[in-house]
Each structure stands twice: as C-alpha cells, then as structure tokens.
Amino acid sequence: MKGFKGRIDTLQERLKKLREEEHLFYNREIQEHDNQFVVIGGKRYLNFTTYSYIGLLGHPRINKAAKDAIDKFGSGTHGVRILAGTTSAHVSLENTIAKYKRTEAAVVFSSGYVTNLTTISSLCGRGDAVFCDMINHASIVDGCLLSSAKFVRFKHSDMADLRKKLEETEAVGRVIVVDAVFSMDGDIAPLPEIIELAKEFGALVYVDEAHSTGVLGKTGEGIMEYFGLTEGVDILMGTLSKTIPAAGGYVAAKKEIIDWLKHQSRAYVFSAALPPGATAAAEESFKVMKEEQWRITKLRENYQYYIKTLKEAGFDTGPSETAIVPIILGDEWRTCEATRQLFENGIFIMPILSPAVPPNTNRLRANVTSWHTKEDIDFMVNTLSDVWKNMGIKPGSE
Ligand code: PMP
C-alpha cells in the first residue's frame, strides 16, 4: 500500500518524466476561442478537442441571453433550488428541455457529472441493482458506487452478457444505464435491444445523452430520434456543457421521477442552483439548435468525411460512427510524441492514455465539429500521416 504521500510522489515522478519529454499536454491555458481555432501561448491552433459539436459556443444570440439573464437576476442565485434558488430562468429551461426531449418534465443540476452522480444514487437504493455498461462514463460509475444498490457491470454493448446478468441478479428494482454515444469510442448504444431486455426483466432504462444531443438523429434530437423510438427510455440524462454551450446537466423523465429528484436528490437539495447566465444560455441554445438545422447536417457530413479520410490514410478509428473519433495509436510514448508534433504543426488535440482507456489502446481523441471545413480535416489527416511517417511507422502497419 502506497498511502497518501506515496501516491502523490508517484504522480509527481510521472509528471516530471512527461515534462522532460515535452509530453505533458494537459491543462493548457487557452487565451482565446475563435470557432474552430484556439489561441495558446499567442499562437493560433486548429482545435480538435472541443465538445461544441455544432459550433454554438460564442453564438451571439446565446451570449446575449446569458448577459440579459445576468442583468435581470445577477451572477448567482439565493442558494439551493428547493429553497430560494429557483428563478423563472430555471423553470423556463426545464420546460424547454422537457418539450425538446418529449417527456412530461425535466430538472437541471449544476453539472453533468453531478447529474449522474445524484440521480443514480438517489433513484437506486438498497435491494436494487444497477446494470452498467463496462465503458460507461466515470460519472455514471461514480453514481452507481455512491448508491446502495448492487453494482453489476456488463460487457460493452454485449446483449447476451446483459441478459445473463439480468437473469442471475436478484433485485427489488433494476435499472439499466448506458451512454447513448460512448465517450471514448464514439459508438452508439444498441438501444432497441436494451429496451426489449428491460421490458422482459422489468427494468428501467437510463440513457446519458451527453454526446448524442445535437449529434444523433436527423434533426439532432438525440438517440430516440436516431432509432425512431418514441418510448422505452425512462430517464434521459444530458449535459449542458457540450452541444449546449453553457454548464450543467439535466434529467428528462415522467413527472413523478422529476418530483422525486426535486425533493430527494442531494445535489438538488444541498447544492446551489445553476447560475442564471448559464441557465438562460442553455435555453437559448435549444432554440438555436432547432432553428439552425444546417449545423446538424454539416456536423454529420463532417464526421462521416473525417472517419472515411482517416481510414483511407490507414488509421484505426475504432468503432466510431459519430463526432467523437478515436485515432488509436497503441503505444503511449508514440501517442504522446504524435500529439507533440501535431501541436508543433498548429493542431490542438489531446492524447487519452491508459488507464482511462484499455492498455495499448492509447489514442488521440478527436472531436470534429460543424465549424471544421473539409480543408481543416484534410490538413489534420495529412499532417498526422506525415508525423506518423516521420516517426518511422507506416499507418496500418501495426
Ligand atoms: N456524461 C458523459 C458521457 C460525459 O462525457 C461527460 C463529460 N465528459 C459527463 C457526463 C459530465 O458532464 P459535465 O462535463 O457537464 O459535467
């Protein structure tokens, strides 16, 4: 056992080694955003590390909504939602989300992470079981761990394994939780099959739409639209920090579930309300997303083109079929070195390293957006090919 001091020292040694190799990329200070570009250290870079999938960050209408709400309500609130923290901006946003997600009601929390944590842990209790895809987001895992329910993990998108686990697990209440779009690999959960199993075993279905709102479905409504479904999911959770360029998270569901969360979930009862600026910005974003449909079409064209171009150049993009595109390079040192050289060539992209992903699947994780042009994408893929060749490795040769 290393103990607290030992763990801190181990991290310091790792950071020192990465710094010496010029492979420490995290926590970079961004001085300016400009659509698909960022300014870092006074230099402009093409950004493949943003979650603003349909380019709404900085949208004038959304900025104005935030400023107006600050003028009206101030920069903060009078505290927690259940006491004096609920403003008409919150009520209006929740109504808009419920309408958008076609549910009876909705509730917002101060972050997406907190939303999963508090919702799962307050819905699932002793005697229940929560069935969690093996590669679900950390906030889902933490929510499961925090609840007193049995925590059952099933193999990634493996319906035979989910069935087996449902069959062998005794529980009072059951919930199946999945990411709609998995945040490391960009693949889509097999929702129709999950709903079938849930019906058979009397389970609720909980879906995290962090990376599917604005991305999946003809009009960007998300995973339900993508599969042409109108029912079968009990809890649609999402973030207000990706496609929606604000902060916060939401749950859209039946009124009785929302009532429960508004009276029993600890993040609602014990943590201050989402600031009015972010709340109003989020609401305006849902409106803009509906009106400016070209953004969703452009995003779809872009990720299809991006994945195709990377594959043609010999890169492994895993199972991605969305705007999250992993470029799996394998070895940690070479993944970091490729990142460094891309940065030297004007491209801002981040490596995702084990243990965040399985060993030897170290990767660059690129998020493509509706801002990117075909030329941007070609530039990225050509530069990466050159970098990879300079490192003595032919794409596709490993
Ligand atoms: N769920 C998923 C699938 C995510 O990828 C993230 C953030 N990366 C979250 C939840 C947490 O959202 P937030 O960043 O808004 O806290």
Side-chain angles (χ1 to χ4, degrees), residues 26-27 48-54 56-57 93 97 101 106-121 123 130 132-146 153 156-157 175-189 191 194 205-216 222-223 226 233 235-252 261 265-268 271-275 277-279 281-283 285-286 318-326 350-353 356-357 363 365-369:
Y26 302 122
N27 303 304
F48 280 88
T49 309
T50 170
Y51 288 122
S52 190
Y53 293 124
I54 57 169
L56 294 185
L57 185 64
L93 171 61
I97 292 174
K101 290 290 172 186
V107 55
V108 296
F109 297 94
S110 55
S111 84
Y113 177 86
V114 156
T115 304
N116 275 330
L117 198 71
T118 204
T119 303
I120 298 170
S121 63
L123 280 177
V130 51
C132 179
D133 188 289
M134 203 76 100
I135 69 165
N136 274 345
H137 190 258
S139 54
I140 296 177
V141 173
D142 291 357
C144 295
L145 291 175
L146 192 64
R153 300 180 93 174
H156 175 49
S157 290
V175 184
I176 304 170
V177 191
V178 289
D179 283 356
V181 170
F182 289 91
S183 59
M184 287 300 149
D185 285 347
D187 53 333
I188 302 168
L191 193 56
I194 291 170
V205 178
Y206 180 124
V207 181
D208 177 334
E209 290 232 76
H211 302 281
S212 55
T213 297
V215 177
L216 292 187
I223 192 158
Y226 176 81
V233 172
I235 294 140
L236 278 171
M237 174 272 167
T239 61
L240 302 172
S241 62
K242 299 185 191 326
T243 288
I244 305 297
Y250 62 85
V251 169
L261 294 173
S265 69
R266 293 170 83 82
Y268 193 88
S271 181
L274 195 62
T279 309
E283 182 172 2
S285 305
F286 279 98
S320 176
E321 41 190 329
T322 64
I324 295 177
V325 184
M350 280 287 170
I352 308 274
L353 306 176
V357 290
R363 63 194 62 187
R365 185 160 143 284
N367 299 331
V368 74
T369 69

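Counting convention: from 1, in listed order, for ligands and their atoms alike. Since the model is a prediction, treat every value here as computed from it, not as a measurement. These values consider heavy atoms only, across backbone and side chains, with no hydrogens, waters or symmetry-generated copies.
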Heavy-atom closest pair, residues Ile120 and Val130:
CG2-CG2, 4.5 Å

Under a 3.5 Å threshold, yes or no: a donor from one side chain and an acceptor from the other, between Thr213 and Lys101?
yes

Mark up the atoms of ligand 1 that fall under 4.0 Å of a heavy atom belonging to Ser139, in ascending order.
1 (N), 10 (C)

Protein heavy-atom partner closest to atom 9 (C) of ligand 1 - residue, atom, separation in Å:
His137 CE1, 3.5 Å

Side chains of Asp185 and His156: any donor to acceptor distance under 3.5 Å?
no

Between the side chains of Tyr53 and His211, is a donor N or O closer than 3.5 angstrom to an acceptor N or O?
yes

Taking all non-hydrogen atoms of both residues, which atom of Phe182 and which atom of Ile188 are closest, and how far apart?
CE1-C, 4.4 Å

Kindly confirm or rule out an N or O of Gly112 lying under 3.5 angstrom from an N or O of ligand 1.
yes

Going by the atom numbers of ligand 1, which of them fall below 4.0 Å from some non-hydrogen atom of His211?
3 (C), 4 (C), 5 (O)

Under 3.5 Å, side chain of Ser320 to main-chain N/O of Ile324, donor-acceptor pair present?
yes

List every atom of ligand 1 that sits less than 4.0 Å from any heavy atom of Ala210, numbering the atoms from 1 in the order shown and giving each element.
1 (N), 2 (C), 3 (C), 4 (C)

Can you list the ligand 1 atoms lying under 4.0 Å from a non-hydrogen atom of Ser183?
5 (O)

Contact (N/O only, under 3.5 Å) between Ser241 and ligand 1:
yes

Go through ligand 1 atom by atom and flag the ones less than 4.0 Å from a non-hydrogen atom of Tyr113.
11 (C), 12 (O), 13 (P), 16 (O)

Looking only at the side chains, is there a donor atom on one of Asn116 and Asp208 sitting less than 3.5 Å from an acceptor on the other?
yes

Can you tell me which residue and heavy atom of the protein come closest to atom 1 (N) of ligand 1, and the distance to 0.1 Å?
Asp208 OD2, 2.6 Å

Give me the residue, atom name and distance of the protein heavy atom closest to atom 12 (O) of ligand 1.
Thr239 CG2, 3.1 Å

Expected output: side-chain Thr118 to main-chain Ala267 donor-acceptor under 3.5 Å
yes

What protein heavy atom is closest to atom 7 (C) of ligand 1, reported as residue, atom name and distance in Å?
Lys242 NZ, 2.8 Å

